[in-house]
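To start, the structure under review is shown below, and the notes come after it.
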Amino acid sequence: MKKNNADTVVVLDFETSGLSPDMGDRAIEIGAVLIEAGKITDRFQQLMNPGFKINSFIQQYTGITNSMLRNADIGSEVIKKFVEFIGKNNLVAHNASFDRRFLDSEMAIAKKSYNGQFSCTLLLARRIYQNAQDHKLGTLIRLKNLPSSGVFHRALADAEMTAHLWLRMLEDLEVEYGIVNPSFEYVEKLSKMPKQKVASLLRK
DNA sequence: TGCCAGGCCCTCTTTAGGGCCTT
């Protein structure tokens with residue numbers, strides 16, 4: 001097996017107090033699953049106390065309340081544990097640029113670092129599911145009839161759905177495109193290719 | 001005081017603007 005196969009990754013999702021760590025927003029929950037050789041083998045989920053009260057929109061959107069966060073560990077403590085969970089694996093998220101910004105921000109606060117590269121299920125889905133009505137996580141889960149607990153906008157539930165989407169996309173790359181056992185780097189390259197070029201790879 | 005994301009991607013584009021995605 002290739003050392004850096006796409007079927008061994010950590011898939012993560014953050015719930016946050018807003019859209020931008022540069023504007024003072026913080027992570028309030030992290031959820032992640034470890035995929036090894038194409039199977040989910042471990043899970044990580046923790047609330048993160050941001051040190052301030054989150055607004056009503058975020059409480060309603062996520063179902064995470066200020067009373068739930070009051071007794072949660074502070075972000076830096078959670079991130080230190082999450083670094084151990086990541087290990088040496090590469091990372092996957094839906095709209096990874098968002099989760100990467102928060103991961104980097106929380107890592108900087110905790111004075112920790114990680115080595116894994118990020119790949120993005122949103123960018124890949126826009127290329128290999130070009131006819132989808134949109135590329136929101138929930139839409140793609142329904143489109144591909146993938147497992148869902150029915151819970152949305154909670155970190156572990158979203159990370160699990162993203163993991164199922166990632167595995168399905170690897171499967172579809174093999175079935176639809178004839179790409180067998182791709183490396184993480186190859187999938188990453190594919191997710192940045194012009195859409196027309198990806199479409200031309202599709203088996204007729 | 002008032003403002004406020006940012007990366008990707010398309011097009012009526014590149015001397016720009018706006019929709020999509022994430023919370």
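Throughout, protein chains are lettered first and strands after them, A, B, ... in sequence-line order, and every chain is numbered starting at 1. Atom set for the values below is all heavy atoms of this structure, side chains included, hydrogens, waters and symmetry mates excluded.
When rounded to the nearest whole Å, the span between CG of A:Asp13 and P of B:dT22 equals 9 Å. Counting to the nearest Å, the P atom of B:dT22 and the CG atom of A:Leu165 are 11 Å from each other. A straight line from CG of A:Asp22 to P of B:dC3 spans 20 Å, rounded to a whole angstrom. Note: CG (A:Leu140) to P (B:dC21) measures 8 Å, nearest angstrom. Between A:Ile141 atom CD1 and B:dT22 atom C1' the separation is 15 Å, expressed in whole Å. The nearest whole Å value for the distance from the CG atom in A:Leu122 to the P atom in B:dC10 is 12 Å. The interatomic distance linking A:Gln196 (CD) with B:dC9 (C1') rounds to 13 Å, in whole Å. One interatomic measurement links the two molecules: CG of A:Leu137 to C1' of B:dC20, which rounds to 15 Å at whole-angstrom precision.
No contact: A:Phe102 has no heavy atom under 4.0 Å from any strand. Using a 4.0 Å heavy-atom distance criterion, A:Asp158 is classed as a sugar-phosphate-only contact. Residue contacts for A:Asp25: at a heavy-atom cut-off of 4.0 Å it reaches no nucleic acid atom on any strand shown. The residue A:Thr62 sits close only to the backbone: its heavy atoms come under 4.0 Å of sugar-phosphate atoms, none of a base.
Nucleotides B:dG18 and B:dC12 place their C1' atoms 12 Å apart, quoted to the nearest Å. Using atom P as the reference point in both B:dC21 and B:dT15, the two lie 28 Å apart (nearest Å). Separating the P atom of B:dA16 from that of B:dT1 is a span of 33 Å, rounded to the nearest Å. B:dT23 sits 13 Å from B:dG6 when the C1' atoms are compared, rounded to a whole Å. Taking atom C1' in both B:dG19 and B:dT13, the straight-line distance is 15 Å, to the nearest Å. Comparing B:dG7 with B:dC3, their P atoms sit 23 Å apart, to the nearest whole Å. Only the C1' atoms considered, B:dG2 is 32 Å distant from B:dT14, to the nearest whole Å.
Along DNA chain B, the nucleotide nearest A:Arg127 and the nucleotide nearest A:Asn95 are compared for position; the residue whose nucleotide lies closer to the 5' end is A:Arg127. The residue among A:Ser191 and A:Met23 whose nearest nucleotide of DNA chain B lies closer to the 5′ end is A:Met23.
Checked against B:dT22, B:dC4, B:dC9, the side chain of A:Leu19 finds its nearest nucleotide in B:dT22. Residue A:His94 has its side chain nearest to B:dC21 when only B:dA5, B:dC21, B:dT23 are considered. For A:Ser97, the side-chain atoms get nearest to B:dG7 when compared with the rest of B:dT22, B:dC8, B:dG7.
Residues A:Lys39 and A:Asp7 are not paired through a salt bridge, judged by the lack of any N-O separation under 4.0 Å between the basic side chain and the carboxylate. A salt bridge between A:Lys144 and A:Asp172 is present, with a side-chain N of the basic residue lying under 4.0 Å from a carboxylate O of the acidic one.
Interatomic distance, CD1 of A:Ile28 versus CE of A:Met48, reported as 10.0 Å (0.5 Å rounding).
For A:Glu185, the CD atom sits in a packed shell: over 12 heavy atoms of surrounding residues, nucleotides or ligands are nearer than 6.0 Å.
Side-chain atoms of A:Asn66 come within 3.5 Å of backbone atoms of A:Ile54 as a donor-acceptor pair (strictly under, hydrogens ignored).
The same ILVMFWY cluster, assembled from side-chain heavy atoms under 4.5 Å apart, contains both A:Met193 and A:Trp166.
Between A:Lys195 and B:dC10, a side-chain N or O to OP1/OP2 separation shorter than 4.0 Å is present.
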